[in-house]
Amino acid sequence: MATIRKTIAPGEIERQREICARIRARVTADGARPLALVDTYGCQQNEADSEKLRGYLAEMGFGFTSDEFEADVIVVNTCAVREHAEMRVLGNVGALNHTKKARPTQIIAVCGCMVQQEHMAGKIKKSYPIVDLVFGPHELWRFPELLETVMERHRRVFAAEKDDGAVAEGIPLRRDGSVKAWLSIMYGCNNFCTYCIVPYVRGRERSRLPEDVLAEARALVAAGYKDITLLGQNVNSYGKDLGGGVDFADLIRMINDIPGEFLIRFMTSHPRDATEKLFRTMAECEKCARHLHLPVQSGSDRILKRMNRHYDRAKYLAEIETARRYMPDLVVTTDIIVGFPDESEEDFEDTLSLCEEVRFDAMFTFIYSKRVGTPAASMPDPYTREDKQRRFEKLTELANRISAEKHRAYEGKTLRVLVDGETGKEPYNLSSRTNGGRLVHLQGDPALIGSFAEVKITASNTWALYGKLQPAAGGG
Ligand code: 5AD
Ligand code: SF4
């Protein structure tokens, strides 16, 4: 039974855009050219949210700067997944004291997951008086209205009520690049892994309608984007809340049918809901990248249970095997948490052995970070920070060794890559990605950015491949 999905009425977004026009008239009066800075922490979902903030700000008449002394409006889009990110945010927001002193009319906003936590919103209210506006992820659609209130009433505004979240279509977007694009297909998470704050701050799973996702994908292809990453906390449960019969695999196939030369990527997948149908669909869709980011978190069944992950080691390994059966050249990456409460030496050994068995192309490893309000925060833990650090280093060493070995196996091969930017360094001045998402540095004409090219891999290390452009096949 599909739950009732809350949507923001199109008229509401229209109203926000009218407010943008009013703000534009106010801030550009007398020919002024106001500037804004959006500083983003955390995951790709946050990057995508910042593109909406910039879209609104551009409609309000703001240009963009990376110099906080120059900015009339600063928006800090925060992350709450680990304590480290929160500490960085607080440090950097504190440092804005100087910019506000130099420019007293500057408006400072802090938004995103961190401030959706009551204790953090409270902390900012009390200890960071320079912050004028605080709003959680559920209020992003009404950023113009909140900003206008700050401008008109000259008072601090706090908007981070508890909410399950809604879906808002029609917010203007200002994308960062012209080659790669994020495309949010769903928001929120229903999984409640015991260590994770995301379900508390981003609300329940809600999917965008397939026709809205498709319209955006078509527009991206028409605008020349070549690499589209479908985003969601758990893309494998796409569509479950819609009850319309389109699941994630179906959605990939529909996007694959859009004419044009481009790649489809996606993240993140949850092993609990990854299906054989998904792997088959990936294999059958020629535009779908041969890359699977499947966070395993731990190799120990005991810890997976305590994490509330709903799969065990055997199921995870079987999924990887199935995926590789359909796509022998599949690049597999993962996330791992080290030092979850009560993770023993033996549990950790299970993680190491799983990594040896799967041989991930790349691993994103994290030391467990206690999150207020999550079940894991009150689980007893006899292990010290030093124990965890030692394990973390051991795991990183293993991850690096396997990545280097996997990269070395590319040497001598010729691969198709998408050239996506400049490195700013010689002699390898261009960066590119293989179909599986591996980074390849090259030497070539920046005019190649945005095009596919054949590259012979000549060298490699743990983090990247190095290659030489090959003459285009067929000439012309
Ligand atoms: N501590 C450490 N890592 C975490 N992650 C999520 N929550 C925590 C936490 N409390 C990691 C998981 C997830 C990735 C995005 O961040 O590995 O997959
Ligand atoms: Fe967090 Fe688990 Fe949801 Fe991922 S699936 S966002 S780790 S609760």
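Small disclaimer: the values here were computed from a predicted structure and weren't measured. Just so you know, ligand 1 is whichever comes first in the structure, and atom 1 is the first atom listed for that ligand.
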Let me see the working for R390 and E386 under salt bridge (charged side-chain N to carboxylate O under 4.0 Å, His left out), right down to the final yes or no.
-> CA-CA 6 Å; R390 188 178 39 74; E386 287 67 38; over 6 Å; no
Atom OH in Y128, atom NZ in K123: separation rounded to 0.5 Å?
-> 6.0 Å
Report yes or no: do Y368 and D381 form a side-chain donor-acceptor pair below 3.5 Å?
-> no
Which ligand 2 atoms are under 4.0 Å away from a heavy-atom of H270?
-> 5 (S)
Parallel, tilted or perpendicular: rings of Y311 and H270 (30°, 60°) = perpendicular
Spacing of CD belonging to E397 relative to CG belonging to L352, to within rounding of 0.5 Å = 10.5 Å
Are R202 and ligand 2 in contact, using a heavy-atom cut-off of under 4.0 Å?
-> no
Give the minimum heavy-atom separation between T351 and G299, together with the two atoms involved.
-> OG1-N, 3.0 Å
Counting heavy atoms only, which part of H310 comes closer than 4.0 Å to ligand 2: side chain, backbone, both or neither?
-> neither
Hey, would you say the Y200 and F192 ring centroids sit under 6.0 Å apart?
-> yes
Neighbour count >12 (heavy atoms, 6.0 Å) for atom NZ, K315 | yes
Working to the nearest 0.5 Å, report the span between CZ of R313 and OG of S353.
-> 3.5 Å
Polar protein atoms (N, O or S) that approach atom 1 (Fe) of ligand 2 to under 2.8 Å | C196 SG
Test applied, salt bridge (Lys or Arg N to Asp or Glu O under 4.0 Å); reference residue, E343; option that passes from K388, R302, R306, R391 | R391
Contact set, ligand 1, heavy-atom distance under 4.0 Å, ordered by chain/number, equals V81, R82, Y195, Q297, D335, I337, F366, I367, Y368, S369, R371
Show the numbers, then the answer: is there a side chain to side chain donor-acceptor pair (under 3.5 Å) between Y195 and R309?
-> CA-CA 10 Å; Y195 50 82; R309 292 288 288 179; 3.3 Å; yes
